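The structure appears right after this line, and notes come after that.
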Amino acid sequence: MMSDTEAAHDRPDRLYTITCGRSRAEDADLDLVTLIVSEREPEPGMQSEHARILMLCANPTAVVEIAADVGLPVSVAKILITDLLNAGDVTARHPSAPRALDQLPDPAFLEKVLVGLRNL
């Protein structure tokens, strides 16, 4: 039996239809670890992939997990997520910005943690 991902790759016309011919998401800020959260329930008549994403994202879910669960390439999942973002159906929680050097933990403290872990 063929998996959803294999079926999607075997049917490029399906991907074209799902994305309405778009090959790239409008929101370039989505990366693989951006968390997506549903803001509403799916509605009858909604595109099935959009409905599935809304159900998956009842709890915060990373873009890469959504793509895997829906069985679509990440690029296609990003297009669908962008549709939902633009409609206000989901929100995105982007990963936090890298910490400044003065906000990093003290190296001596990290060394103590490492020693403690080795002693376990």
Side-chain angles (χ1 to χ4, degrees):
M1 183 172 187
M2 195 178 311
S3 73
D4 288 341
T5 305
E6 291 169 336
H9 290 297
D10 288 345
R11 302 280 321 259
D13 57 327
R14 176 177 175 263
L15 298 179
Y16 183 86
T17 302
I18 289 171
T19 63
C20 298
R22 295 169 292 166
S23 61
R24 170 169 297 200
E26 295 170 14
D27 186 354
D29 290 339
L30 289 177
D31 61 19
L32 297 178
V33 295
T34 299
L35 296 176
I36 306 299
V37 182
S38 297
E39 295 298 325
R40 67 180 191 94
E41 297 289 320
E43 295 177 354
M46 176 180 264
Q47 182 176 338
S48 62
E49 292 81 9
H50 285 146
R52 179 90 190 271
I53 291 169
L54 287 175
M55 288 187 293
L56 286 170
C57 295
N59 295 312
T61 308
V63 170
V64 69
E65 292 178 79
I66 295 167
D69 286 345
V70 178
L72 295 170
V74 173
S75 59
V76 173
K78 283 183 177 183
I79 293 169
L80 298 174
I81 293 166
T82 299
D83 292 344
L84 293 169
L85 281 167
N86 291 339
D89 296 339
V90 297
T91 54
R93 297 180 185 171
H94 299 284
S96 60
R99 291 182 172 193
L101 288 177
D102 61 336
Q103 293 178 324
L104 293 175
D106 178 35
F109 173 75
L110 292 176
E111 184 66 33
K112 288 178 184 179
V113 170
L114 184 60
V115 169
L117 289 172
R118 285 183 183 148
N119 290 335
L120 289 176

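Nothing here was measured: the structure is a model prediction, and the numbers come from that model.
When all heavy atoms of K78 and D31 are compared, the closest pair comes out as NZ-CA, 4.3 Å. Scanning both residues, L56 and I66, for their nearest heavy atoms gives CD1-O, 4.4 Å. Residue S38 comes nearest to M55 through the heavy atom pair OG-N, 4.5 Å, listed as atom of the first residue, atom of the second, then distance. Residues V76 and L72 come closest through the heavy atom pair CG1-CD1, 4.0 Å. Of all the heavy atoms in A62 and L35, the pair that sits closest is N-CD2, 3.7 Å. Taking all atoms of both residues into account, the shortest heavy-atom contact from R52 to D69 is NH2-O, 3.1 Å.
Residues L114 and L110 fail the side-chain proximity criterion, which asks for heavy atoms closer than 4.5 Å. Counting heavy atoms from C-beta outward, L85 and V90 have side chains that approach closer than 4.5 Å.
Few gaps surround CZ on R40; more than 12 heavy atoms of other groups in view lie less than 6.0 Å from it.
At a threshold of 4.5 Å between side-chain heavy atoms, the hydrophobic network of Ile, Leu, Val, Met, Phe, Trp and Tyr places L30 and V33 in two separate groups. Each of V37 and I81 belongs to its own hydrophobic cluster when Ile, Leu, Val, Met, Phe, Trp and Tyr are linked at side-chain heavy-atom distances under 4.5 angstrom.
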field: Audit row: L84, L80, side chain to side chain contact (heavy atoms under 4.5 Å, CB included) steps and yes/no
entry: CA-CA 6 Å; L84 293 169; L80 298 174; 5.7 Å; no
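Rounding to the nearest 0.5 angstrom, the gap separating the NE2 atom in H94 from the CD1 atom in I36 is 7.0 Å.
Side-chain N/O atoms of D89 and H50 include no donor and acceptor closer than 3.5 Å.
Legend: residues meeting side chain to side chain donor-acceptor pair (under 3.5 Å) with E39, ordered by chain and number and at least two apart, are T91.
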